[in-house]
Every structure is written in structure tokens, then in C-alpha cells.
Protein chains: 2
Amino acid sequence: MISKKTKYAINALVYLAKENKGTEPIQISKIAESENIPRKFLEAILLILKNAGMLSSRKGKTGGYFLHKSPDEINIADVMRLFDGPIALLPCVTHTYYERCEECKDEATCGIRSVFADVRNETVNTLKNATLTEIMLRAELMKKEKK
Amino acid sequence: MISKKTKYAINALVYLAKENKGTEPIQISKIAESENIPRKFLEAILLILKNAGMLSSRKGKTGGYFLHKSPDEINIADVMRLFDGPIALLPCVTHTYYERCEECKDEATCGIRSVFADVRNETVNTLKNATLTEIMLRAELMKKEKK
DNA sequence: TATAATTCCTATCGAAATAATAGGATTTTA
DNA sequence: TAAAATCCTATTATTTCGATAGGAATTATA
């Protein structure tokens, strides 16, 4: 399971991608209210997204947040890694957070590792393609189907 | 990341599938030593695998554990669910452990949910096919390649 | 029948992670 | 200068994880 931080972060990002037509920043409180996220918790989350270069902010009165990158450059894989660390299910199959399994005898011929490497590749692939644009597109399609 | 319980469980199962040629049970201590798993911790794990119907045991002197099912009927998906719960990354896309996301507005048209449903399907598919037989086969193939 | 060796079972513990809040410093507009 | 926003650090409560302790029950065998 992904953490609530990651889930809230994705929801906030999608919200900003949808609402932020002009360049006027949107306040934390507004996002929190609309997306049902605890105000103070969201504050911390947005700050992390900003420091990671996904969001920008304006301080002071009339301040708020807005996307720093284009919506098709922000994807779920990067957001997950930012808050939850590695996407892989075993430490020995992550690329950026690699760590050997202490109990393992021979990594190069481990059948278990081989399976989890496949899972990792599939998952990262799907999540890399899941940009904010893609997420909004999927939602649109489902709304049309519904009618 | 999967828990150490799941990782140890898979290792123990593969070990039993490989070593248990006759019907003589294998003792906890032997498995623990061979697979570098803390003895007492493994004890608890094997008990759970037994109660789930994957292992059988003989008590008392000359007692120990052995596979209850055939190695191609035991897969990683089931082991993971047993120890770590749902495989899905969002509560709203699991089949057996379904739970609504509190903060969600409309599940039926949620683009985020749609992405994580894809991930779930891919992962479950791969892990269901990852039986003990499959894992041993992969290891064999890699050993041959190495030469 | 006693003993040794094993699984079975419950309780407990410390450390880490998670979800969230508190409180104030800083910045900016008006 | 006041109001309203982000920025930043610390703290807390709860849950989960990894592991151990200690003994009860069971069984082969000397």
C-alpha cells in the first residue's frame, strides 16, 4: 500500500493541474478543503513537492501553489519514490535504492529475485506513464462512458 | 517492500520444495541455518504456513515440516497476501480486502484508481504465475547461463 | 516408562514508520 | 503596520515490524 502522503500528494497535483488555468496560485486551504485532506498535513506535503521541483509557490498574502513542471512531466512513479522510497518489492531489485538481501546466497541466480525484478519493471513502466495528463485523460474517458 | 516474514516464508518454501525429495520432514533449525533466518522467527512463520494449508508437519522427535501442496500449486501471490495483506497499492482496487478511499469523490471515474488497478492486475498476474516450480526453474536457467 | 527432541502456542518487547498537529518565523500585499 | 499566506522544526500518538521468551504438548526411542 502507498502511504497517505503519496495519495494526498497525487490528489493535490491532479487538482492543481485541473484548476490552475491561469497563473494565479491556489492556497493550501482551498486544496485541502476540496480534496478532503487535513490542512496541516497537506502543508508539509506541498512543501516537499516544491523542494522536489514539481511545484512552485508564492509567499505572503495572495500566495499559494502552482505546478512548476508541465502536467505531462509529472508522473506517479516519481511522486511515490519521493514519499515512500523504492517502488520495488525487494531491496535487491531497486535501481536507485539498491541494497543486498543479507540472507541471500547468490543474487545472480536467485529465482525469487528474478520474479520480483519482473514485477518492478512492469510497475515502474505503468507508473512512469501515469502522468497528470494521463490521469486526467482517463477520468475524462470514464465520465464519457458513464453517460 | 514486502516484509521479512514474506521473504523468509518464500525462501523456506523454496528450500522445502528443493530438499524434500522423500517424505522425511525437515526440522526448523535446519531450514533456519541453511537459509539464514532467525530460528524462533522462522518457527512462527512455518506455523502460519501450516495453518494456511501450504505446509504439513510431524510433531515430536524426528518431527519437522514438509510441503502439503504440490510445488506448482504454491505461488508468491498467496504467500504475500497471507503475511502482508493486500497486494494492491490502493485499498479501493483490492478484490479481497476492498475498502473505499475516504477522501475520494467518485470512485467510478477516478483516474488515479484506474492506474493503480492496472498495476494491481499486472502484479497479481506475475505473482500468481510465480509458483515454487517456476522459481526453481528460473534459478536453474540462470545457473546454466552462468557457465 | 523416562527422556530427549521436536512442534505448538501465547505473550511480550523495542524500534521504526506513519499520520497528524503545534507553534511560531518569514514573507508579501494592501 | 496589519493581515494572510507560506515556511520550518519539533513533537506526539498510534500502529506495524522484527524478533525473542518460555513453556505446553507430542512423539520416537533407549
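Chain letters run A, B, ... following the sequence lines, proteins first and then strands; every chain starts at 1.
- Of the possible donor and acceptor atoms, none in the side chain of B:Thr131 sits under 3.5 Å from a partner among the backbone N and O of B:Asp72.
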Using a cut-off of 4.0 Å between protein heavy atoms and nucleotide atoms, how would you tag nucleotides 12-17 of chain C 5' to 3' with B, S and -?
------
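- Pairs passing the salt bridge (Lys or Arg N to Asp or Glu O under 4.0 Å) check and including a residue from residues 108-120 of chain A, sequence neighbours excluded, read A:Glu107-A:Arg113, A:Asp118-B:Arg138.
- Counting only heavy atoms from C-beta outward, the side chains of A:Met54 and A:Leu49 approach each other to under 4.5 Å.
- Residues forming a ring-ring contact (aromatic ring centres under 6.0 Å, His included) with B:Tyr8 (at least two apart in sequence, or on another chain): B:Phe41.
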N/O donor to acceptor pairs below 3.5 angstrom from side-chain atoms of residues 29-38 of chain B, sequence neighbours left out:
unit_1  : atom_1 : unit_2   : atom_2 : d
B:Ser34 : OG     : A:Lys105 : NZ     : 3.3
B:Glu35 : OE2    : A:Lys105 : NZ     : 3.2
B:Asn36 : ND2    : A:Glu103 : O      : 3.2

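- Taking only side-chain nitrogens and oxygens, A:Tyr8 never comes nearer than 4.0 Å to OP1 or OP2 of C:dA19.
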Please lay out, stage by stage, how B:Thr123 and A:Glu122 fare under the test side chain to side chain donor-acceptor pair (under 3.5 Å).
CA-CA 8 Å; B:Thr123 303; A:Glu122 291 162 2; 5.2 Å; no
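- The salt bridge (Lys or Arg N to Asp or Glu O under 4.0 Å) analysis of residues 48-71 of chain B, with sequence neighbours excluded, yields the pairs B:Glu24-B:Arg58.
- Every pair tested for salt bridge (Lys or Arg N to Asp or Glu O under 4.0 Å) that includes a residue from residues 89-99 of chain B fails, sequence neighbours excluded, so the list is empty.
- Under a 4.0 Å N-O distance rule, the pair B:Glu102/A:Lys4 qualifies as a salt bridge.
- Taking atom NZ on A:Lys4 and atom C1' on C:dT21, their separation rounds to 15 Å, with Å as the unit.
- Residues of residues 79-107 of chain A that place a heavy atom closer than 4.0 Å to DNA chain D do not occur.
- Residues from residues 53-66 of chain A that place a heavy atom under 4.0 Å from any atom of DNA chain C, listed by number: A:Lys59, A:Gly60, A:Lys61, A:Thr62.
- Heavy-atom contacts of chain B under 4.0 Å fall on DNA chain D between two terminal nucleotides, which in 5' to 3' order are D:dG18 to D:dA28.
- Using modelled atom types, no side-chain atom of B:Asn125 and backbone atom of B:Asn121 make a donor-acceptor pair closer than 3.5 Å.
- Side-chain contact between B:Leu13 and B:Tyr65 is absent, with no heavy atoms from C-beta onward closer than 4.5 Å.
- Summarising the geometry of A:Pro25 relative to A:Gly64, their closest heavy-atom pair is CB-C, 3.4 Å, with the distance given to 0.1 Å.
- Pairs engaging residues 104-147 of chain B under the ring-ring contact (aromatic ring centres under 6.0 Å, His included) rule: none recorded [sequence neighbours left out].
- Taking both residues in full, the closest heavy atoms of A:Val115 and B:Ala130 are given as CG1-CB, 3.6 Å, listed atom of the first, atom of the second, then distance.
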Identify every side-chain donor-acceptor pair in residues 76-86 of chain A under 3.5 Å, counting partners at least two apart or on other chains, and give the distances.
unit_1  : atom_1 : unit_2   : atom_2 : d
A:Asp78 : OD1    : A:Lys128 : NZ     : 3.1
A:Asp78 : OD2    : A:Asn75  : ND2    : 3.1
A:Asp84 : OD1    : A:Ser3   : OG     : 2.5
A:Asp84 : OD1    : A:Thr6   : OG1    : 3.2
A:Asp84 : OD2    : A:Ser3   : N      : 3.0
A:Asp84 : OD2    : A:Ser3   : OG     : 3.4
A:Asp84 : OD2    : A:Thr6   : OG1    : 3.0

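- Of the residues in residues 39-46 of chain A, those with a non-hydrogen atom less than 4.0 angstrom from any atom of DNA chain C are A:Lys40, A:Phe41.
- Distance CD (B:Gln27) to C1' (C:dA4): 13 Å, rounded to an integer number of Å.
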